[in-house]
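Just so we're clear, the structure is a prediction, and the values are computed from it rather than from any experiment. Every chain is numbered from 1, with letters handed out A, B, ... down the list of sequences.
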There are 2 protein chains.
Amino acid sequence: MTTKSSKIRIKDIAEKAGVSIGTVDRVLHNRGDVRSETREKILQIVKEMGYTPNLFAKSLASKKTYRLAVLIPDSNDNPYWKHPKSGIIKAADEIKSFNTSVNIFPFNATDEASFRNCFIQVLRTEPNGIVFNPVFREASFEFIELMEAKNIPFVYIDTFLEKSNCLAYFGQNAKQSGRVAAKILSQILPENGEVLIVKLANRKVISHHLKNREEGFIEFFNEQNKCNCKFTSLIIDLLDSNEPNQSLYTAFKTHPNINGIFVPNSRVFKVANYLKENNKTDILCLGYDLLHENIDFIEENVIDYIIGQRPEDQGYHGVMALFNHIALKKVVNKSNYSPIDIIIKENINYYNY
Amino acid sequence: MTTKSSKIRIKDIAEKAGVSIGTVDRVLHNRGDVRSETREKILQIVKEMGYTPNLFAKSLASKKTYRLAVLIPDSNDNPYWKHPKSGIIKAADEIKSFNTSVNIFPFNATDEASFRNCFIQVLRTEPNGIVFNPVFREASFEFIELMEAKNIPFVYIDTFLEKSNCLAYFGQNAKQSGRVAAKILSQILPENGEVLIVKLANRKVISHHLKNREEGFIEFFNEQNKCNCKFTSLIIDLLDSNEPNQSLYTAFKTHPNINGIFVPNSRVFKVANYLKENNKTDILCLGYDLLHENIDFIEENVIDYIIGQRPEDQGYHGVMALFNHIALKKVVNKSNYSPIDIIIKENINYYNY
DNA sequence: ATTAATTCCGTGTACGTTCACGGTATTTGG
DNA sequence: CCAAATACCGTGAACGTACACGGAATTAAT
């Protein structure tokens, strides 16, 4: 089996058609000024010879430059976003030789005004494409209108917004990941297990992920008729300095038989911290995302399972999808769900973080 | 945060150094014929300005062509190898514009002579680099000697060969993956569990993977003092048409309390087939690799866990490592372990196959 | 001092594109 | 029927790099 480099140049098809390379170039780019017969003939030969342009020569000669903009939460506020960001930077690095620049605009994910400001700023730079995390529904829909008016293609990352015509979406199926979590717990916990669901979040912004993950989690258990586990659900304010300790203390007091904990976001390390300090490490603890903080607790056997979603890949492919669409005119997949990685102490070293 | 395209050209550093681009080119390529002071000065400026060559211009102008060869088992014999192959083809596709061709040479993984023939054929094509799967130890070491004599860099895929100076290795830590399997089973099975280890292989060729995975599996259980599971290990000849049914029948007869099965390779579907036909689907069954055959059984709840290793990535990155080293003169990581993916019915749809 | 050898360096062409510019034919208008 | 407009097409200069060739400056040999 051989895969060899394609050698057919514009010059070759020009010669075969008995025209100049300028003419071929014109039909290849629909620039007009070509007689329709000549045009057809050239297109025919192009197809016959299987011409594929040399992308390097193309980008060398091209005077076009592209600007991409990325709007994501500030990684100083939420360490999770360091990971998508690093993937974005990797993509930026790869495509910068294709006359394409990438600008990252961080916003405060707990402050809608910050998101709005950020977007206005972005639109002022008149980018050719936008990757963004649509945490704020209404604001996002407003900006989608603006982008569509200006014909700027956009890609969602992490969160999906239904009923909108994005170029692509990169993220996890949140609900299904909740089902995965449920399956794991249901298989390990005893018949009469008691599970605590801990939602650590900002009071003002309960993310879709949190909601959907919990939904999938509970849905799965309800479908299993053999398993009659009990649930307790807790919403804890991230900004309260007494938390999550206070709420957890109360929860364990009132539910002393809890043997499983499900934390539907990356803040699981805060719960793990409590478990460790109170010698409750035998409780089966499951959370999300490979933050450094979580990794430490996995290695200490405090957290038992982490569900990962390859945030670097999401960032990387989000940018690349935009680039492929805009610069290379390739078709890109709209729906791109990340794997729901099941990570434990024994395989954590083989996931990059 | 901005990542903009680097704009420093050879011309720029030539002007700053007060020399011509030819001179800069000479020092950049160590072609000599440059006064040492000039050389130093240019190198200094190159570093100062952070010059990075434009790879596209480079590959456009370069008359060099590279030939890479890949030796892997025939995917007609073992369907697993379709997956690395598809990754290899993807890589070949990406680098063909860099004047690099990739040739795939399939051999029969159960026949050492086939491997040897294949290698001789490969060496005759005088490739610039080789990716291969070193299943046959002695034969591989012989060919490594030949490659080293000819200064041909080589990359291992899937299997690792210690004590040899490969450019890179892409594969899974087999032993550790066995430990992952053990952890999962140990967590789910009851205290007094009874596990059957089924090694489906060709009598002549017991792969390292099979051995190492079992080793890690047993090692893990031995380390847990709380778990006193019992084991039975079975070696079954793949080519025998009565198998694995006959051996499994006997095994279940003599060990009626078996509640877990570990199949340390991709042939787990053959065991699953037996389990399904004999209504033993309640047994916890764990195997390797996302073959179509296995996927079907995961969806039917016959196989419970599959350990994946991203074979497409292994193939892709194996070729890319060689390319980066040879064509782009980049440094590549030697040791590249694939993630040990834990796959169940609930997350299987999000792993590409 | 003249020639020859040697060291060092600049020039020019090529790689496959893009794209502006301008040049022939052909057609249109009066 | 001639000028002007139009339709169609070729030419040539870039893009950043590689590399062959040959030229100038320096040194060595006679």
Using only side-chain N and O atoms of [X], determine if any of them is under 4.0 Å from OP1 or OP2 of [N].
| X | N | answer |
| --- | --- | --- |
| A:Tyr51 | C:dG16 | no |
| A:Ser62 | D:dC15 | no |
| A:Thr23 | D:dC9 | no |
| B:His29 | D:dA18 | yes |
| B:Thr38 | C:dC8 | no |

Quiz item: Mapping A:Arg35 and B:Lys64 to their closest nucleotides on DNA chain D, which lands nearer the 5' end?
Solution: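 Its nearest nucleotide lies further toward 5', so the answer is A:Arg35.
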Quiz item: Starting at the 5' end of DNA chain D and moving along, which residue's nearest nucleotide shows up first, B:Arg9 or A:Arg26?
Solution: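 Whichever sits nearer the 5' end wins; that is A:Arg26.
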Find the distance [X]:[atom1] to [N]:[atom2] and express it as a whole number of Å.
| X | N | atom1 | atom2 | value |
| --- | --- | --- | --- | --- |
| A:Ile8 | C:dG16 | CD1 | C1' | 13 Å |
| B:Lys58 | C:dA14 | NZ | P | 22 Å |
| A:Asn99 | C:dT18 | CG | P | 12 Å |
| A:Asn30 | C:dT18 | CG | P | 12 Å |
| A:Leu28 | C:dC19 | CG | P | 12 Å |
| A:Ile13 | D:dG10 | CD1 | C1' | 15 Å |
| B:Ile42 | D:dT17 | CD1 | P | 14 Å |
| A:Asp33 | C:dC19 | CG | C1' | 12 Å |

Out of [options], whichever nucleotide has its closest atom nearest the side chain of [X]:
| X | options | value |
| --- | --- | --- |
| A:Asp25 | C:dC19, D:dC9, C:dC8 | C:dC19 |
| B:Ile21 | C:dG12, C:dA20, C:dT18 | C:dG12 |
| A:Asn54 | C:dG16, D:dA18, C:dC19 | C:dG16 |
| B:Arg31 | D:dC15, D:dC19, C:dC9 | D:dC19 |

Quiz item: Going by heavy atoms in the side chains, are B:Phe323 and B:Val102 under 4.5 Å from each other?
Solution: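 Counting from C-beta outward, B:Phe323 and B:Val102 never come under 4.5 Å.
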Quiz item: Does B:Gln121 reach the side chain of B:Thr125, with side-chain heavy atoms less than 4.5 Å apart?
Solution: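 Not touching, per the 4.5 Å side-chain cut-off.
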Quiz prompt | Over all atoms of both residues, closest heavy-atom pair of B:Lys150 and B:Leu123 | solution =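 What the structure gives for the nearest pair is NZ-O, 4.1 Å.
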Quiz item: Which sits closer to the 5' end of DNA chain C, B:Ser36 or B:Ala61, going by the nucleotide each is nearest to?
Solution: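 It is B:Ser36 whose nearest nucleotide is closer to the 5' end.
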Practice problem: Tell me, with the steps shown, if A:Tyr156 and A:Ser164 meet side-chain hydrogen bond (donor to acceptor under 3.5 Å, both in side chains). | Solution: CA-CA 10 Å; A:Tyr156 298 143; A:Ser164 66; 2.3 Å; yes
Quiz item: What do you reckon, are the aromatic ring centroids of A:Phe132 and A:Phe119 less than 6.0 Å apart?
Solution: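 Ring centroids of A:Phe132 and A:Phe119 are less than 6.0 Å from each other.
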